[in-house]
Trainee: 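Got a structure here, written out as C-alpha cells. Questions coming.
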Amino acid sequence: MHPTDPDAGLRALVTRPGFRTWKTKIKSVHGCAAPVKLRGSSTITRKGTGEVLKDTVGSVWAPCGTRRAALCPACSQWYAEDAFHLIRAGLDGDTAKGIAADVATRPRFFATLTPPSFGPVHTRVTGPDGRLRRPCSCGEWHREADTRLGTAIDPDTYDYEAAVLWQAHAGKLWHRFTIALRRRLANAAGMTVTELNAAVRLSYAKVAEYQRRGLVHFHAAIRLDGPEGASTRPPAWATKDVLADAIRAAAAAVVLEVARPGGEVLELRFGSQLDLKDITADAGDASGEVGEEKDIKSSRLASYIAKYATKSTGAHDGPDRKLRSVEDIDRLAVSAHHKAMMRTAWDLGAREEYAELNLRRWAHMLGFRGHFLTKSRAWSTTLGELRNIRARFRLAETLDALGVAEDDVIVVNDWEAVGFGHDTDAEREYAAAIAETLLERKLNRHNRKDRSR
C-alpha cells in the first residue's frame, strides 16, 4: 500500500473488521455527513406480564439533522422534504394532519418583503425575454456570472453599519409586520385587535433568502382563517382584497428604531419593493378533489419556499460555520463586500450596547440571526410532528413483526450520545457516496412521478 495511493484509505476501510456493521449504520442514516453516535438500550415489554419482547443493547446512529446542504446533503434533503410537506399542507389542506381541504380557497397571498437600500450595488436589469434592459449604475453591462453583482459600487460610502443592524433585526421587523397586519385587518373590520383575534386567525409560512448583496428578504404565504385556524373559514368581510390592502399598508408602516454606535437613531424598515401574488384558489377547488393544474401550482410554490429553507450561507458565498476570529474573515475566499459585512458584524459585536444581538456569533451569517423557516401555529402541522409520524411508523413496523399492538406494550429508550461525525477521510468519502446514491434514486423517483402526471 503506497502512501500516495488515493484509494488506500478506502481499501483499508472496506477490509477492516466490522465494516459491514459500519456500513449498515451509515445506510441507516442515509449517508449522513456527521452522524450522532448513541450508546444504550431500547426495551419493548408487554404490559401486565412484563415479558420482554425485544431488547436492543449496544450502539445506534442518528442523523445530524442539519438543514444546510453544504454541511450534509442527506439531512438537508430530509429537511427540504419535511418543509415541503409542511408548506403544502397549509396550501392544499391535509385531512390526515388536521388541515381542511378548503384552505386553498381562503384569502391567500404570496408576499416578498425586501430590505431597503444601503447604497448602490452592481446590478443587471433584464426584461421578460432575459435580455439586459439597461446598464448598471456603474455604467457597465454585467453578465450573470459577473462576481461583482450584488457588491457595493462604492464601499467607502456604502452603509455597512446600517445593513448589519437591519440584518440583525430582520426577525423583529417581521414580528412587527405581523402585529401591524393584524391592526390593519382590525381597522378594516371596524374591530379592536382583541375582537379580531376572536373572529379571524392570521396564518403564514415564511422563509428567508439571501440576496446577492448579502441581505435577506422574506418570502411568505399568508392566509386568513376562522377563529379556530385551519379548521374554520374566515368571516365574509375577510376577503382577499382586504388582506392585500392590509399587507401593503403594514409593510409600508412598520418601523423599528435602534441606535447607531454613536447614539444616532436609525430607523429600520422594509424596502419599498413589495411583491404580492394572489394564490387564492377558485371555489371549485374546495371539494377535496385537487385538480391537476392547481396541484402542480401548489407543488411548485411549496417547493419554491422549501428550497430556501435548506440553503446554506453559501447563498452569499460565506462560510457555513461560526467565525472564531477576525483573521478567519481575512482567510475566506469571498467578495470584499461580504467580508466588509462580516467585519462590521464582528466589530459591532464587541460593543456593549449590542451584546444581546450576539453579532460575533452570527458574523458568518452577515449579522442575520433569525430562523430560515418559520410559520404560525395554525398554518399546518410542525416539523416535530412530521418526525414523530416517521418514528411511529417505524415503531408500528417493529410491533407488527412482534405481533402486538402499541397499546399492549411499554417502550423504554435509554440512549446517550458518545460521538459525532466520522473518524477518517475514507469514512467521510464512503458516506458521501452512499448519500449521493440515495439522493439520486430519490430524485429519479420524483422525476418518474412528475412525468406520469
Side-chain angles (χ1 to χ4, degrees), residues 5-39 58-88 207 209-210 299 302-322 364 372-373 383-384 386-391 393-394 397 415 417-450:
D5 184 352
D7 298 324
L10 285 174
R11 281 200 296 272
L13 171 64
V14 300
T15 57
R16 77 184 185 189
F19 170 72
R20 290 185 179 275
T21 300
W22 179 89
K23 184 177 179 181
T24 299
K25 288 180 178 178
I26 193 59
K27 281 189 172 182
S28 72
V29 293
H30 312 285
C32 175
V36 181
K37 301 174 182 178
L38 307 170
R39 184 173 297 278
S59 64
V60 297
W61 287 9
C64 67
T66 183
R67 64 164 191 85
R68 297 183 184 179
L71 296 182
C72 181
C75 288
S76 72
Q77 180 62 32
W78 280 102
Y79 187 98
E81 292 194 4
D82 281 352
F84 172 85
H85 289 296
L86 183 150
I87 302 298
R88 176 71 177 274
V207 70
E209 178 202 4
Y210 276 95
S299 293
S303 296
Y304 181 75
I305 297 175
K307 76 175 181 179
Y308 290 116
T310 61
K311 275 194 173 182
S312 67
T313 51
H316 67 261
D317 297 324
D320 285 287
R321 301 186 187 278
K322 297 178 178 64
H364 69 298
F372 277 79
L373 175 65
L383 292 173
L386 291 176
R387 289 190 287 267
N388 289 337
I389 290 173
R390 286 198 296 270
F393 178 79
R394 291 192 294 267
E397 286 185 320
W415 300 101
V418 295
F420 302 91
H422 298 292
D423 297 327
T424 66
D425 290 339
E427 288 185 356
R428 282 184 281 273
E429 185 177 348
Y430 200 99
I434 289 177
E436 184 177 354
T437 299
L438 294 176
L439 290 175
E440 185 176 351
R441 289 176 184 172
K442 185 176 294 186
L443 179 61
N444 289 336
R445 286 197 299 269
H446 289 329
N447 289 339
R448 286 195 298 269
K449 183 178 179 182
D450 289 341

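In what follows, residues are counted from 1 in the order of the sequence shown.
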Trainee: Mind running side chain to side chain contact (heavy atoms under 4.5 Å, CB included) on K23 and Y430 for me, showing each step along the way?
Mentor: CA-CA 9 Å; K23 184 177 179 181; Y430 200 99; 3.5 Å; yes

Trainee: Test of understanding: with side-chain hydrogen bond (donor to acceptor under 3.5 Å, both in side chains), list the residues that count as partners of T21, not counting sequence neighbours.
Mentor: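 With sequence neighbours excluded, T21 shows a side-chain hydrogen bond (donor to acceptor under 3.5 Å, both in side chains) to no residue whatsoever.
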
Trainee: Any side-chain heavy-atom pair from I87 and L373 closer than 4.5 angstrom?
Mentor: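 Yes. Closest side-chain heavy atoms under 4.5 Å.
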
Trainee: Output the distance between atom CG (D82) and atom CD (Q77), rounded to the nearest 0.5 Å.
Mentor: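 Atom-to-atom, D82:CG and Q77:CD are 10.0 Å apart.
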
Trainee: In Å, rounded to the nearest 0.5 Å, how long is the span from CG of L383 to CH2 of W78?
Mentor: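 If I round to the nearest 0.5 Å, the distance is 13.5 Å.
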
Trainee: How close do T66 and C72 get, heavy atom to heavy atom, and via which atoms?
Mentor: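 Of all heavy-atom pairs spanning T66 and C72, the closest is CG2-CB, 3.5 Å.
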
Trainee: Do Y79 and F372 have ring centroids that are under 6.0 Å from one another?
Mentor: no

Trainee: Taking atom CD1 of I389 and atom CZ of R394, what is their separation to the nearest 0.5 Å?
Mentor: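 Between atom CD1 of I389 and atom CZ of R394 there are 12.0 Å.
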
Trainee: Give the minimum heavy-atom separation between A62 and L38, together with the two atoms involved.
Mentor: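 Taking every non-hydrogen atom into account, CB-CD1, 4.1 Å.
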
Trainee: If you take all heavy atoms of A417 and V36, which pair is closest and at what distance?
Mentor: CB-CG1, 4.2 Å

Trainee: Is it true that a side-chain atom of H422 and a backbone atom of P35 form a donor plus acceptor pair closer than 3.5 Å?
Mentor: no

Trainee: Is the shortest heavy-atom distance from the side chain of V418 to the side chain of S59 under 4.5 Å?
Mentor: no

Trainee: If you count every heavy atom of other residues, nucleotides or ligands that lies below 6.0 Å from K37 atom NZ, does the total exceed 12?
Mentor: yes

Trainee: Within a radius of less than 6.0 Å around CZ of R20, do more than 12 heavy atoms belonging to other residues, nucleotides or ligands occur?
Mentor: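 Result for CZ/R20: open.
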
